[in-house]
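Each remark here refers to the structure printed beneath this line.
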Amino acid sequence: MASDLRQDTAVQKIKEAPGWYTAELSDAWSWQTPAGGALMTVAMRAMTAEIGDPSYRPVSATTLFCSPVPSGAMEFRVEVLRRGNAAVQVRAALSSTRVPGPGLEVSATFARERPGVDMLGASPPDVPPPEGCPVFDEQGPHRMGPFPFLQNVEVRLAQGYPFWAREFLSRNPGVTRREQEPARFARWY
C-alpha cells in the first residue's frame with residue numbers, strides 16, 4: 001500500500017526554539033535508509049514553514065549529504081540567510097535524533113512569481129506516454145532485496161531495457177537488445 005509523501009514529510013515547529021523543527025519519517029521512503037529526495041523534501045518543508053509566506057516558491061536547492069539518516073525522529077535547524085522582496089535564501093541542517101552526525105545540509109532559494117522567462121531550452125525526452133510503456137518491476141529477483149520506497153510508485157520502462165532480466169525481454173518483444181543502441185535508460189514514475 002502506497003504511503004502519502006505529504007503526510008509522511010510533515011514538520012512540527014518547536015515553539016520554545018526559534019528556527020527548530022521536528023519530523024517523523026516512516027520507513028516507507030527507504031532504500032536501505034530514507035531516500036535523499038524524501039529527506040530533502042522534509043527539509044524543504046521546514047524551510048517553507050520558517051519563511052511563513054506561501055507566495056515564495058522553491059526555485060533552486062542544493063543538498064550536501066553528510067552522513068546516513070535513518071528513518072524515524074529527526075530534527076532541523078532552519079536559518080533564513082537573506083530575505084528580499086523577490087527572493088529568500090534559506091539553509092537547513094537535518095539530523096537524526098537517534099544517530100549522531102550532521103545528516104544533511106540544504107541550501108535553497110525561494111522566490112515570488114514574476115513576469116518574464118521561466119525556462120529556456122528544456123524539452124522532455126522523446127519517449128512513449130506512460131500507458132504505452134511496460135511495467136518495470138524493480139523489485140524482481142535481480143535486486144538485493146525489497147525496498148519500501150518502491151511500494152509508493154509504479155515504474156514503467158520508457159527507454160532502454162533491463163539487461164539483467166531475460167524474462168522481461170521475452171514478455172516484451174517490442175523491447176530489443178541491440179549493441180548499437182545508445183546507453184540510455186528512461187523510466188516513468
Side-chain angles (χ1 to χ4, degrees), residues 1-113 135-156 185-189:
M1 183 164 176
S3 287
D4 183 337
L5 183 66
R6 183 175 304 276
Q7 181 179 340
D8 291 350
T9 57
V11 297
Q12 296 79 40
K13 185 173 183 66
I14 301 174
K15 292 181 178 147
E16 301 80 22
W20 284 85
Y21 296 81
T22 62
E24 183 81 26
L25 185 61
S26 77
D27 195 42
W29 300 99
S30 294
W31 299 98
Q32 301 296 331
T33 59
L39 291 170
M40 191 171 174
T41 298
V42 181
M44 296 289 287
R45 291 196 189 280
M47 293 169 145
T48 300
E50 186 66 16
I51 292 169
D53 183 343
S55 68
Y56 288 100
R57 313 282 271 166
V59 293
S60 69
T62 301
T63 302
L64 178 61
F65 294 94
C66 305
S67 63
V69 177
S71 57
M74 51 191 64
E75 60 187 14
F76 310 86
R77 184 184 76 251
V78 180
E79 182 179 4
V80 174
L81 302 172
R82 179 186 174 278
R83 183 183 292 266
N85 290 328
V88 179
Q89 281 82 30
V90 189
R91 75 174 173 201
L94 178 155
S95 58
S96 168
T97 60
R98 297 183 294 127
V99 177
L104 58 96
E105 293 274 339
V106 181
S107 298
T109 299
F110 290 72
R112 288 192 167 121
E113 188 71 34
V135 172
F136 183 54
D137 181 14
E138 293 201 56
Q139 296 186 40
H142 58 282
R143 293 292 182 199
M144 296 186 315
F147 297 110
F149 181 91
L150 292 173
Q151 294 174 10
N152 301 310
V153 295
E154 176 184 328
V155 183
R156 292 188 173 253
F185 195 70
R187 295 174 278 186
W188 285 104
Y189 285 85

Looking at P70 and M74, what are the two nearest heavy atoms and their distance?
O-CE, 3.9 Å
Measure across P34 and L25 and return the closest heavy-atom pair with its distance rounded to 0.1 Å.
CB-CD2, 3.6 Å
Listed pairs under 3.5 Å, donor-acceptor, residues 38-52 side chains, sequence neighbours left out:
residue	atom	partner	partner atom	Å
T41	OG1	G37	O	2.7
R45	NE	T9	OG1	2.6
T48	OG1	M44	O	2.9
E50	OE1	K13	NZ	3.3
E50	OE1	Y21	OH	2.5

Point-to-point distance, once rounded to the nearest 0.5 Å, from OG1 of T22 to CD of Q12
4.5 Å
Ignoring hydrogens and angles, write down the donor-acceptor pairs under 3.5 Å from the side chains of residues 102-112, residues two or more places apart or on other chains.
residue	atom	partner	partner atom	Å
R112	NE	S55	OG	2.9
R112	NH1	Y56	OH	3.0
R112	NH1	N85	O	2.7
R112	NH2	D53	OD2	2.9

Would you indicate whether R77, at its atom CZ, is surrounded by more than 12 heavy atoms from other residues, nucleotides or ligands within a distance under 6.0 Å?
no
Under a 3.5 Å distance rule, please check whether S96 uses its side chain to pair with a backbone N or O of R98 as donor and acceptor.
yes
V90 vs V78 side-chain heavy atoms within contact, under 4.5 Å
yes
Say you draw a straight line from CD of E79 to CZ of R91; how long is it, rounded to the nearest 0.5 Å?
4.0 Å
Minimum-distance pair of heavy atoms, taken over all atoms of S71 and S30
CB-OG, 4.3 Å
Nearest heavy-atom contact between S3 and D8 is CB-OD2, 3.2 Å
